[in-house]
Structure formats: structure tokens, C-alpha cells
Amino acid sequence: MKNNVVLIGMPGVGKSTLGVVLAKELGFEFVDADLLIQKRENRLLKEIIAEDGVDGFLKIENDVNASINTDKTVIATGGSVIYGAEAMEHLKEIGTVVYLKLDYETLDSRLGSLKGRGVVLKDGQTLKSLYEERIPLYEKYADLIVDEQGLNLEETLTSVLKSLR
């Protein structure tokens, strides 16, 4: 295992929730990349997207994630981090990238308003089309894939720990 664990996946898969518990279990620090973006920009994610547009947000997200410099840390990324090649190359260098995979139906039932969550959606894009667009990218960058289908938090944690060993 590399010094860091990087969690990627769709919004609503539980990257931050699992990340905190995983960090405690490993004795690691925890970083939420979305919070780093908000701190740097002094704006909420949805405000950045509204004011700078999707492309502006993705550039900021790429820059912030490409500059994360940690050791023994679980990093929960935003769902759109996989659009940033520099960020993903950097994250793969510093950590083991774990894709938290969830089927569309479960994901759809977990998510409320995407706009309110600061999710990057292009004009006319639906959750389904976003899901289908991102899956190949998550799989491309993942060192490990953990399928959360039918698992609760504890079971997902066990599965991630097993995969890391």
C-alpha cells in the first residue's frame, strides 16, 4: 500500500463518510478535497460552479487536487476529479486509488438535488448520462475497485481494508 488512500466515485457513494472511518481504522489523517476547494476559493462548490461555470470549476478542482501533499492520509475526492488528468496522475503517484462502485438505481435513490450538492452537470445532462460518462474514467484510474452493492458502511469498510491488504 502506498502512503495514502484516495477514494473516487460518484457523488453519494459515501467517499467522505467512509473516508473518516477508514482513516480512524488505519491511523491516518483525513482530507476532503471538496472542503479544500471551498477553503481555497472561499465559496461553496455550488457557488463556484454557478459563478465560474463547469469548466472553471473543473480547472480549480484539478489544481487543488494536483497540489495535495500528504502522508498517511485518506483523501476523499469530489466525483468530478477524474476529469482532471494532472490531478489523477498526482493522486495515483501519492496513493492507492480506490473506486467505490455503486449501481445506478441505488445511487439515484440516495441523491436528492444534484445542483444543491455542487455536482458538475453539463446543460441537459441527467444523473444517468453522468453516471455512464464517468464509469469508464473511474475504472481507468482505479488501482482497486470495491463494489458497494448491498453493503452497509461497516461491510464496505471491511471490503476496502481487505482490498488494500
Side-chain angles (χ1 to χ4, degrees), residues 4-23 25 30-38 44-50 52-62 64-65 68 74-92 95-164:
N4 300 294
V5 176
V6 180
L7 302 177
I8 63 171
M10 287 291 290
V13 298
K15 297 178 298 287
S16 296
T17 304
L18 176 70
V20 170
V21 179
L22 181 61
E25 187 69 27
F30 173 75
V31 168
D32 185 316
D34 283 347
L35 296 179
L36 293 178
I37 293 167
Q38 288 186 166
L44 298 175
L45 299 179
K46 62 184 177 183
E47 293 171 342
I48 300 168
I49 294 167
D52 296 22
V54 168
D55 290 340
F57 174 81
L58 292 175
K59 181 180 180 340
I60 292 166
E61 182 177 43
N62 185 56
V64 169
N65 280 277
I68 293 174
V74 174
I75 303 163
T77 63
S80 55
V81 70
I82 41 95
Y83 295 123
E86 295 87 359
M88 288 310 303
E89 287 167 22
H90 172 69
L91 293 169
K92 281 185 74 67
T96 301
V97 177
V98 179
Y99 165 35
L100 299 176
K101 181 179 178 177
L102 196 59
D103 67 285
Y104 174 76
E105 289 71 24
T106 305
L107 193 66
D108 187 37
S109 70
R110 284 189 187 181
L111 291 173
S113 166
L114 292 178
K115 295 275 185 208
R117 290 184 62 116
V119 174
V120 173
L121 276 178
K122 297 173 194 135
D123 283 340
Q125 194 167 36
T126 64
L127 177 60
K128 180 76 170 167
S129 63
L130 183 72
Y131 179 86
E132 291 170 353
E133 177 180 288
R134 288 184 181 180
I135 296 306
L137 295 169
Y138 292 134
E139 291 173 349
K140 170 186 172 183
Y141 288 114
D143 295 312
L144 304 169
I145 298 175
V146 173
D147 191 341
E148 295 184 278
Q149 180 64 36
L151 303 182
N152 63 27
L153 178 61
E154 190 66 34
E155 292 164 332
T156 301
L157 174 65
T158 300
S159 187
V160 169
L161 290 169
K162 211 179 280 182
S163 295
L164 289 169

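- Side chains of T96 and D143: a donor-acceptor N/O pair is absent below 3.5 angstrom, by distance only.
- In K128, the NZ atom is crowded: over 12 heavy atoms of neighbouring residues, nucleotides or ligands sit closer than 6.0 Å.
- The minimum heavy-atom distance between G79 and Y138, with the atom names listed, is O-OH, 2.7 Å.
- The shortest distance between side-chain heavy atoms of L137 and M88 does not fall below 4.5 Å.
- Side-chain atoms of L127 and Y104, non-hydrogen and from C-beta on, do get closer than 4.5 Å to each other.
- Once rounded to the nearest 0.5 Å, the distance linking CG of L91 with CD1 of I8 reads 9.0 Å.
- Inter-residue side-chain proximity for E155 and T158 is flagged as unmet; no heavy-atom pair is nearer than 4.5 Å.
- Considering every non-hydrogen atom in both G78 and D34, the closest pair reads CA-OD1, 3.4 Å.
- Residues I145 and Y99 are in side-chain contact: their nearest non-hydrogen atoms beyond the backbone lie under 4.5 Å apart.
- Using a 4.5 Å heavy-atom threshold, the side chains of V74 and L18 count as separate.
- For the residue pair T77 and K15, the shortest heavy atom distance occurs at O-CE, 2.7 Å.
- Judged as a side chain to side chain donor-acceptor pair (under 3.5 Å), the pairs with a partner in residues 80-90 (not counting sequence neighbours) are, in order, E61-S80, N62-E86, Y83-E133, Y83-R134.
- Considering only heavy atoms from C-beta on, Y131 stays 4.5 Å or farther from D108 through its side chain.
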